[in-house]
Amino acid sequence: MSVAIIQVEEVHKYYQLGESRLHALRGINVSVEPRAFIAIMGASGSGKSTFMNILGCLDRPTSGRYLLEGIDVSSLDKRQLAGIRNSKLGFVFQGFNLLPRTSALENVQLPTLYTRIDKMERTKRATEALALVGLAERSRHFPSQLSGGQQQRVAIARALVNRPSILLADEPTGNLDSRTAVEIMEVFQHLNEQGLTIVLVTHEPDIAQFAKRVIVFRDGKIRKDEEVKERPRASEVLMAMPTLED
Ligand code: ADP
Ligand code: MG
């Protein structure tokens, strides 16, 4: 068994709401091996986003430990956490959050502006990231000239440009039609095969089945944590799906 890339031990999270506090995570234990592909499911309010925010070093547990590549991030200060976010983690959200009057290539380059990488290397990395998501030909397009699925792929390329080891995606297909959603899962399966660890939140069982493992949250606890048996290949599912033009 290889060393865990993510190790979450007895994590609790409370939110202070005036006089009372809300117990959003109630003793979470998760170990994630490198090259994992995990789908997080559960009803609204079950703690999925709270958990993702902790994984993403956007928030800290109230108690418990979180080790990221063996580093106990619970003890790091804000600047150190920002450094980890920028170097080890990539984020994708339901909304694509692209800058409108900015080309796909420039959108993808944005996270490199906070690094010491020079201009030529920036362009090279952004071009490579766009190629990884199948958008090499669209680098000069503005977001308004791209479909929703293409915009989400630009957002994925942007998340990859600093070469993170983990991609965290909170409902990345929530705004997309079902075929486009499977196309995004095809991109994720491809990236995962190249070694990227992926943790993705989804409401849809059809989307979760493309992951290797599904963790279900309920009332701030893990209710189920299982390997996916007979995982379909998104590329094959797409061949059997109608296109919008049909
Ligand atoms: P999910 O993503 O599964 O819908 P969340 O993690 O967003 O669930 O929320 C878990 C619980 O914590 C919910 O009861 C929610 O209302 C509460 N919560 C989430 N974020 C905050 C916050 N910033 N302040 C107070 N309560 C919050
Ligand atoms: Mg949520």
Side-chain angles (χ1 to χ4, degrees), residues 3-9 11-13 15 24-25 28 30-40 47-99 102 106-118 121-122 125-126 128-130 132-133 151-172 174 184 187-188 191-192 194-202 215 217:
V3 176
I5 190 165
I6 288 171
Q7 181 83 32
V8 172
E9 297 170 0
V11 159
H12 289 258
K13 176 70 187 181
Y15 290 114
L25 294 179
I28 301 296
V30 179
S31 180
V32 176
E33 74 283 12
R35 310 177 83 95
F37 185 179
I38 297 179
I40 308 277
K48 306 181 297 293
S49 293
T50 301
F51 179 66
M52 292 295 273
N53 288 344
I54 288 172
L55 289 190
C57 300
L58 295 161
D59 201 357
R60 273 185 282 210
T62 311
S63 66
R65 288 212 311 167
Y66 170 28
L67 307 179
L68 175 58
E69 290 183 340
I71 301 164
D72 187 352
V73 294
S74 343
S75 60
L76 300 184
D77 66 28
K78 284 205 167 134
R79 238 191 88 240
Q80 292 169 313
L81 288 177
I84 294 223
R85 277 202 302 277
N86 214 24
S87 60
K88 294 191 191 299
L89 304 169
F91 296 90
V92 178
F93 302 98
Q94 184 169 355
F96 320 126
N97 307 322
L98 302 176
L99 295 183
T102 308
E106 288 167 320
N107 266 288
V108 173
Q109 282 184 50
L110 280 179
T112 66
L113 298 180
Y114 308 102
T115 66
R116 290 164 176 275
I117 304 167
D118 70 36
E121 178 68 13
R122 256 181 210 142
R125 287 202 188 183
E128 282 170 8
L130 278 171
L132 263 178
V133 299
Q151 289 183 52
Q152 188 58 300
R153 284 195 272 158
V154 173
I156 295 168
R158 181 182 56 191
L160 296 174
V161 75
N162 283 338
R163 301 177 177 161
S165 42
I166 304 169
L167 186 71
L168 300 170
D170 200 344
E171 304 207 38
I184 294 297
V187 171
F188 282 178
L191 294 170
N192 178 243
Q194 314 228 318
L196 187 68
T197 300
I198 300 176
V199 183
L200 140 112
V201 173
T202 181
I215 298 178
F217 277 70

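We're numbering straight along the sequence, starting at 1.
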Inter-residue atom distance C57.SG - N86.CG, 0.5 Å rounding
12.0 Å

Pairwise distance CZ(R35) to CG(N192) - rounded to 0.5 angstrom
7.5 Å

Measuring from atom CG of L168 to atom CD1 of I198, what distance do you get when rounded to the nearest 0.5 angstrom?
10.0 Å

Heavy-atom nearest pair, A159 first then P164, reads O-CG, 3.4 Å

Mind telling me whether F217 and F51 have parallel, tilted or perpendicular rings, with 30° and 60° as the class edges?
tilted

Verify, without hydrogens or angle tests, whether R158 (side chain) and N107 (backbone) share a donor-acceptor contact under 3.5 angstrom.
no

With side chains defined as the heavy atoms from C-beta onward, is the minimum distance between T112 and E121 less than 4.5 Å?
no

Determine the minimum heavy-atom distance between A169 and P172, stating which atoms define it.
CB-CG, 3.7 Å

Hey, does K88 have a side-chain heavy atom less than 4.5 Å from the side chain of V73?
no

Closest approach of S165 and E69, non-hydrogen atoms and distance?
OG-OE2, 2.8 Å

Decide side-chain contact (heavy atoms from CB on, under 4.5 Å) for L55 and L89; before the verdict, give the C-alpha distance in whole Å, the side-chain angles of both, and the deciding distance to 0.1 Å.
CA-CA 9 Å; L55 289 190; L89 304 169; over 6 Å; no

Is there a side-chain contact between T102 and L110, using heavy atoms and a 4.5 Å cut-off?
no

Do L68 and I6 come within less than 4.5 Å of each other through their side chains, counting heavy atoms only?
yes

Please evaluate residues T50 and D59 with respect to the criterion side-chain contact (heavy atoms from CB on, under 4.5 Å), reporting the C-alpha separation (whole Å), side-chain torsions for both, the decisive distance (0.1 Å), and the verdict.
CA-CA 8 Å; T50 301; D59 201 357; 5.6 Å; no

Decide yes or no for I215 and I38: does some side-chain heavy atom of the first lie under 4.5 Å from some side-chain heavy atom of the second?
yes

Quickly, which of L58, I156, N97 forms a side-chain contact (heavy atoms from CB on, under 4.5 Å) with F91? Name it, please.
L58

Do E171 and M52 touch side chain to side chain, with heavy atoms closer than 4.5 Å?
no

CD/E106 to CZ/R122 distance, rounded to the nearest 0.5 angstrom?
12.0 Å

As an exercise, state the distance from NE2 of H12 to OG of S63, rounded to the nearest 0.5 Å.
5.0 Å

Okay, side chain of R60, backbone of L76: is any donor-acceptor separation there less than 3.5 Å?
yes

Please tell me if the side chains of D170 and S49 come closer than 4.5 Å, counting only heavy atoms from C-beta onward.
yes

Would N162 and I117 count as a side-chain contact (heavy atoms from CB on, under 4.5 Å) here? Give the steps.
CA-CA 10 Å; N162 283 338; I117 304 167; 4.3 Å; yes

Any side-chain heavy atom of L196 sitting closer than 4.5 Å to one from F188?
no

Hey, could you give me the CD/CZ distance between Q80 and R85, rounded to the nearest 0.5 Å?
12.0 Å

Nearest heavy-atom neighbours spanning T202 and A39
CG2-CB, 4.5 Å

Exercise: identify the closest heavy-atom pair between P111 and V108:
CD-O, 3.2 Å

Between I54 and L25, is the side-chain contact (heavy atoms from CB on, under 4.5 Å) condition met? List the steps.
CA-CA 10 Å; I54 288 172; L25 294 179; 3.8 Å; yes

